[in-house]
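The sequence lines fix the lettering, A, B, ..., with proteins before strands; numbering per chain opens at 1.
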Amino acid sequence: MPSNRASSSAAAAAGSADSSTSRRNSKRPKYSKFTQQELPACKPILTPGWVILTFLVVSVIFIPLGVVSLFASQDVVEIVDRYDNDCIPAPARANKVAYIQGAADKTCNRTIVVPKKMKQPIYVYYELENFYQNHRRYVKSRSDAQLRSVKDENQIDACKPEDDVNGKPIVPCGLIAWSLFNDTYVLSKNNQTLNVSKKGIAWKSDREHKFGKNVFPKNFQMGNITGGGKLIPDVPLSEQEDLIVWMRTAALPTFRKLYGKIETDLQENDTIHVILKNNYNTYSFDGKKKLVLSTTSWLGGKNDFLGIAYLTVGGICFFLALAFTIMYLVKPRRLGDPTYLSWNRVPGGGR
Amino acid sequence: MAGGGRRRRRLHLSRIYSYTCGKSSFQEDHSNIGGPGFSRVVYCNEPDSPAAERRNYAGNYVRSTKYTVASFFPKSLFEQFRRVANFYFLVTGMLSLTDFSPYGAVSALLPLALVITVTMVKDGIEDWHRKQQDIEVNNRKVKVHDGDGIFRRDEWRNLRVGDVVRVEKDEFFPADLLLLSSSYEDSICYVETMNLDGETNLKVKQGLDATSSLLNEDSDFKEFRGVVRCEDPNVNLYMFVGSLELGEERFPLSIQQILLRDSKLRNTEYVYGAVVFTGHDTKVIQNSTDPPSKRSRIERKMDKIIYLMFGLIVLMSFVGSIIFGVETRQDKLKNGRTERWYLKPDDATIFFDPERAPVAAIYHFFTAVMLYGYFIPISLYVSIEMVKVLQSVFINRDIHMYYEETDKPAQARTSNLNEELGMVDTILSDKTGTLTCNSMEFIKCSIAGTAYGRGITEVERAMAVRSGGSPLVDEDLDVVVDKSGPKVKGFNFEDERVMNGNWVKQPQAAVLQKFFRLLAVCHTAIPETDEETGNVSYEAESPDEAAFVVAARELGFEFFNRTQNEISFRELDLVTGENVERVYKLLNVLEFNSSRKRMSVIVRDDYGKLLLLSKGADNVMFERLAKNGRQFEAKTQEHVNQYADAGLRTLILAYREVDENEYIGFNKNFNEAKSSVNEDREALIDEITDKMERDLILLGATAVEDKLQNGVPECIDKLAQAGIKIWVLTGDKMETAINIGFASSLLRQEMKQIIINLETPHIKSLEKSGIKDEIELASRESVVKQIEEGRALLAASGASSEAFALIIDGKSLTYALEDEIKKTFLDLATGCASVICCRSSPKQKALVTRLVKSGTGKTTLAIGDGANDVGMLQEADIGVGISGVEGMQAVMSSDIAIAQFRYLERLLLVHGHWCYSRISSMICYFFYKNITFGVTVFLYEAYTSFSAQPAYNDWFLSLFNVFFSSLPVIALGVFDQDVSARFCYKEGVQNILFSWKRIIGWMFNGFISALAIFFLCKESLKHQLFDPNGKTAGWEVLGGTMYTCIVWVVNLQMALSISYFTWIQHIVIWGSIALWYIFLMIYGAMSPSFSTDAYMVFLEALAPAPSYWLTTLFVMIFALIPYFIYKSVQMRFFPVYHQMIQWIRYEGHSNDPEFVEMVRQRSIRPTTVGYTARRAASVRREDRFYDQFHNDLVAF
């Protein structure tokens, strides 16, 4: 890497330096543990003891964690009601898309029975399937600047084709906002309406920093095609939490989003009556729609996966610890078989 | 300095001497002057004249830097982007400015900029160092004629063509000068050309009479004018064609009048010279070419991996694009409806337009290629470079490779080849100066039939062992390492009978006196008297000649002055018993050359007697003795044979008195012959001198030891144990070479020697007849036959452990290296344990090296110290120069310079192996971590209907390679150590640690990790109710979780696979993980306009959610379990060699003798050379070897 044309004149320089400097200026490298590569170090090696111990430790940690997680998940009461199919009147089912795009009344009544006591807060979700909120075109189609402050409402470049109506910027612009989910649920128990609170369903940081308090919807859903839901014109975006929730795009094509919270307990075998407006078109892409009521534990919603995974892996590790113990005991070492050293096996090979 | 170099050197001197008396006439070349290629015109002493200015020759400023301030950016950027990976990143960086980009342009360009900047800074610093050197050189001062006969000091760079300069003793010449006159009357001067050709002897230059008579002091230059017409700048150091016009007269110029830049004025008070070539026109600069850039095997393989990765990226992008195209087309408007209406496909740009799905797919392809760029580690090159520089620092700083005596540490001149050092299969070594010290020591002599000198040579020691010495003696051999050198360099003679003037009491005192006088007079050395102490030291053309004058001095015959025609020395006067000075007139020097094999001087002693003093090889000298001069012949012959057996170089000393008339006749013929210009000049001279050097009277013989360097046998032994083959390529005689072979344990007695030479009577007789074609034919046949016989022998020995040694001489080598034969020759040679090529020329050395390199396809290392090894050093995969006494030439063309042969052991077995295992692990790991990362990106994309949506925030993407995973890899590359490589070096030779198996294995591991990370994260966030407050996990939460897992997994994987854990490793590994969290927090706390979708993700969403932490813990353990199981099983049940040694080191040796025994069995690759092998052969019966080995193994 160094040297090249320099070599000769460099040599000359070195030569003169040699003659002029005395022996005292020795080129002896200074000793340091660092340069001599003698830093104190631990040299771990996988001895049977360590291997067995590691597996044991993993299983000892994992199995209790698995049990706890599984319990947490089991504690959660979750009610899932798929309604996309049922909410279309039987005669219209031949052409669901035409129905959903038609002008007919989309009201649909559902009945849910609570299987177990549910403590408040009970979260109400809607679940969509086969909806690509993570499609690149979709994800990029928004204007964060515009959502944050009024003065940036003209920053709509990213929002095409949902950017303006007759030259006037749409607030909020873009495909995400345009396709806002607009099914509504009215829940009642024993003919008494259950209050579904929409306060605090969005992330605090979103409400306070990403959606402006003085940004109001403008020209929204005024284009020739209406996508999804509409917004209340005189409520600032930061308070329209449905929109905020929707605008946080989901990671996967099947996702749930928070619709609201019920702040009363539900008892076992309570019957919940749901009057829902089946507005949202998932039929053209065969998307399912579900209504979900769920409590949460410290671990979140109902998901046995983590618990089972922990238990399984913990078990496997325990088994491995046993297996290695037995292997080490029964077959301490393979002795004296030099043939598998690669250079003995493949003379001149291994390249 | 084996034969080739020596021969050339002698030739220079003979040329010099022949020119000193001859007048060169206009030769053919001179007629070209003025024509093309010979157009230079120099107006001496009038550089300002209009004629000179019209010529406009370049100044004397020399620039060795790669870049100038202006060219630095364009040029170094160009260098950077010539690398295929960097170019790829540049293209993706450019594309990221367009709509193709799946991520923001800044985040794509910043890491690239960072990487490029680091490399550029490194380049810049290196160039800056060169610049410093340039400044130093260009600002040196020299006395320049300033008009009116006044010289003033000026900087080198200001010199112009035509300037007259005055150079003082021990100064360097600032440019190529025409020697006008010197402090000596006949305007000779001595120059040292070490920087040019690495030769340490002084050379004589002589100015023209025409100028030297005119110009004697500063004031003479007032009126001096002259015009030089000469050749254009060229590379030929030994040729110069030109003429000097003084007024009307024209004088021819030759190289004899030219003082070359970078050589040094010695032994001469001052010279005047006119500048002929300046700066880059000078011969030395014209000669300096870039050393051939060598790339290591691993790097070449790494390029292949990168291409493989490219292939993979293209394949993935292709698959993705097809699926994307199909899915996009399904969004087509049907019956006025679209499927995924929320994407508004009916109003899409071309990138997503279902109507033009194929085009969209093609566009998507480019986007995907950009997105999957994470498969190629952007920081790979720069990391490797940094690691290699640091490794070189370790080599340079290694205290174990520092040689106290010459104050020389090891010097890695290139860091490209560090890891190649760990893969050496064959070492091709020079002998003299490499295996031996190249300090000839006068050790014995035979005078008047009596042998003097009691020293025991290394070879004798080895031979004592060879001829049935007990193993105990053998042990002693190991201890000889610490030989304190002789008190006087070049003199290791001990015999009280002749030392301290005692020779006077010997019966043949008169012969002894003549003998010593001859030593003091018959040579071409130049004395140098230290003015303070009065001590005399010598500049000799070869170390053995120096040894002679030193010996003469030590024995009381101190040669102290030489002029052109006088030699002065002091000796003990036998009569008065006092030191007297004697001055011999030097009349003629009959030079050494390889056909004459002798040199003589004709002198007139202080009594006026004419003497011919002669020394030469035994075979030429014995036949020249007079009838009455053979008194001691038999005895001397016997001693000479003994000396040769002991590995000593012998010369026969003889003299005769010359008749006055005979001399006059001879002198006339000799001078005529010398000044003749026809072709057979040499032959003519030979003939005339041959007649003179007859009827000699034998005095005796000298024996000079070419000492083995300290620790050479031990080093060879260890290298052999490591499975490295060692070939010796030397210019020496076969006998000497074989002796050294024995001394260095390359040969031992029970080895079968296959000797190939052309000394058969048949060929000899043919040679006498002199028919060229026939000789060639017969020789070739003979060589082929001998090679075939050798192969048959080899084949016959088959599986038996018999070892063979191949010894071949230069003449046979000429034929053996021919295209049709070389394959079989190589077969034979690789089958032999030791190979010694003697009498080989520099060219042959290079050819043999090439043959081994290309024939076996393995890594070759050439080691040498002299100018004659340069070809070999450049040809080999790695050239190691010995920075010894033979000047800088070999070092200048080497890749790594060390001071002693024995440091090769540490260089290869420690540094080489470590560098190799580090770099290969590092590259494997690099691809591992990037595949882990890249595959998650790909898998996620599959869940976004291949719309090229990245799973992570732009900055996460771009900083992965730069911040969160690169430092531990660099630390691995710099600091990891497995074991001392003495027993597992073969891993490198066969490239086991960087085999495709291992590379693919690591890639597979990365793939497994990625699968685990992606699917486990996805499953555990399936319904996305991940926090106790019922919030759902969006895109950024999944991305953040996955990214956390990746950072943990790749860093823990590193911790798991490292075998040497220092505090540095702890800092970088845990630091990288901590850095990720810190980054996440800081970045997330920035205003949302900057942090976009990462705003508060960690503090608000991830950190408070226990499921995030539980997922991370689970994924990171789970992803590592496969590797851990593999490693546990493999380590215990299928250990690779270095792991076995780790075991033993870990367990000590006491608790499981059985296992140690097993490893031992495996490690004893039957070493066939080295003293271990020798000892093994002799001690095998006693079974002692096993203990010995065991001790070795535990001791390292």
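Contacts of A/S297 with chain B are made by backbone atoms alone, with heavy-atom separations under 4.5 Å and no side-chain atom involved. For a residue to count as touching a neighbouring chain, one of its non-hydrogen atoms must lie under 4.5 Å from one of that chain's; by this rule A/A98 touches chain B with backbone and side chain alike. Only the side chain of A/S69 has a heavy atom closer than 4.5 Å to any heavy atom of chain B. For A/L65, the part lying near chain B is the side chain, with the backbone staying farther off; criterion is any non-hydrogen pair under 4.5 Å. Heavy atoms of B/A348 lying under 4.5 Å from chain A belong to its backbone as well as its side chain. A/A309 touches chain B through backbone and side chain together, each having a heavy atom under 4.5 Å away. Using a 4.5 Å cut-off between heavy atoms, A/V139 contacts chain B through its side chain alone, with no backbone atom that close. Residue contact with chain B, scored on non-hydrogen atoms closer than 4.5 Å, involves the side chain of A/T54 exclusively. Contact annotation for A/Y283: neither backbone nor side-chain heavy atoms come within less than 4.5 Å of a heavy atom of chain B. If you measure heavy-atom distances from B/L1038 to chain A, the contacts under 4.5 Å come from the side chain alone. Proximity to chain B (any heavy atom under 4.5 Å) is shown, for A/F285, by both the backbone and the side chain. Residue A/N281 touches chain B through both its backbone and its side chain, counting heavy-atom pairs closer than 4.5 Å. Of the atoms belonging to B/A1105, not a single heavy atom falls under 4.5 Å from chain A. Using a 4.5 Å cut-off between heavy atoms, A/A72 makes no contact with chain B at all. For chain B, the nearby parts of A/F34 are the backbone and the side chain; heavy atoms of each come within less than 4.5 Å. At a 4.5 Å heavy-atom cutoff, the contact between A/W203 and chain B is made by backbone and side-chain atoms alike. For chain B, the nearby part of A/P40 is the backbone; its heavy atoms alone come within less than 4.5 Å.
In terms of heavy-atom pairs under 4.5 angstrom with chain A, the leader among B/I1121, B/V1129, B/N1029, B/T1111 is B/N1029. Counting heavy-atom pairs under 4.5 Å between each of A/V58, A/V313, A/I201 and chain B puts A/V313 at the top. When B/T367, B/N138, B/V974, B/D170 are compared by the number of non-hydrogen pairs under 4.5 Å with chain A, B/T367 comes out ahead. Comparing B/Y943, B/F975, B/W341 by how many heavy-atom pairs each has under 4.5 Å with chain A, the most go to B/W341. Contact count versus chain A (heavy atoms, under 4.5 Å) is highest, among B/E1036, B/K1127, B/Q330, B/M1096, for B/E1036. Contact tally against chain A (heavy-atom pairs below 4.5 Å) for B/A1101, B/P1028, B/S1087, B/S945: the top residue is B/P1028. Note: B/L1113 leads B/L1056, B/T349, B/L1113 in heavy-atom pairs under 4.5 Å with chain A. Top candidate by heavy-atom pairs under 4.5 Å with chain B, chosen from A/V97, A/I316, A/D144, is A/V97.
Closest heavy-atom contact between A/L252 and B/K1018: CD1-CG, 3.6 Å. Looking at every heavy atom in both residues, A/K210 comes nearest to B/P1088 through CG-CB, 4.2 Å. For the pair B/Y342 and A/S179, the tightest heavy-atom approach, listed with the atom from each and the gap, is CB-CB, 3.7 Å. Here the closest non-hydrogen pair linking A/R248 and B/Y1095 is NH2-O, 4.3 Å. Across all their heavy atoms, B/Y1060 and A/L39 have their closest contact at OH-O, 2.8 Å. Shown here for A/L306 and B/S1107, the closest heavy-atom pair between the two residues is CD1-O, 4.3 Å.
Side-chain rings of A/F62 and B/F1114 approach one another, their centers coming within less than 6.0 Å. Aromatic pair B/F352/A/H135: centroids less than 6.0 angstrom apart.
Side-chain contact check for B/S1128 versus A/F324: some heavy-atom pair is nearer than 4.5 Å. Annotation: side chain of B/S1089 is in contact with side chain of A/R148 (closest heavy-atom distance under 4.5 Å). Side chains of B/T1032 and A/Y125 form a contact here, defined as non-hydrogen atoms less than 4.5 Å apart. Using a 4.5 Å heavy-atom cutoff, the side chains of B/L343 and A/Y132 are not in contact. Contact annotation: the side chain of A/L175 approaches that of B/K344 to within less than 4.5 Å [non-hydrogen atoms, C-beta and beyond]. In this structure the side chain of A/Q133 never reaches within 4.5 angstrom of the side chain of B/W1035, judged on heavy atoms.
Annotation: side chain to side chain contact (heavy atoms under 4.5 Å, CB included) contacts of B/D398 (sequence neighbours excluded): A/Q36, B/H400, B/M401, B/R906, B/H911.
The structure places CD of A/Q37 at 4.5 Å from CZ of B/F394, a figure rounded to the nearest 0.5 Å. Annotation: the span from A/T249 atom OG1 to B/D1093 atom CG amounts to 8.0 Å, rounded to 0.5 Å. The OG atom of B/S1020 lies 13.0 Å from the CD1 atom of A/I308; values are rounded to the nearest 0.5 Å. For the atom pair CD1 of B/I1125 and SG of A/C317, the computed distance is 7.0 Å after rounding to the nearest 0.5 Å.
Between the side chains of A/S205 and B/E1100, at least one donor N or O sits under 3.5 Å from an acceptor N or O.
Within a 6.0 Å radius of OH in B/Y940, other residues, nucleotides and ligands contribute more than 12 heavy atoms. For B/R397, the CZ atom counts as loosely surrounded, since its 6.0 Å shell holds 12 or fewer non-hydrogen atoms of other residues, nucleotides or ligands.
Judged by distance alone, with hydrogens and angles left aside, the side-chain atoms of A/N303 form a donor-acceptor pair with the main-chain N or O of B/E1019 at under 3.5 Å.
A cation-pi arrangement is absent between A/R137 and B/F351 under the rule of less than 6.0 angstrom and at most 45 degrees off the ring axis.
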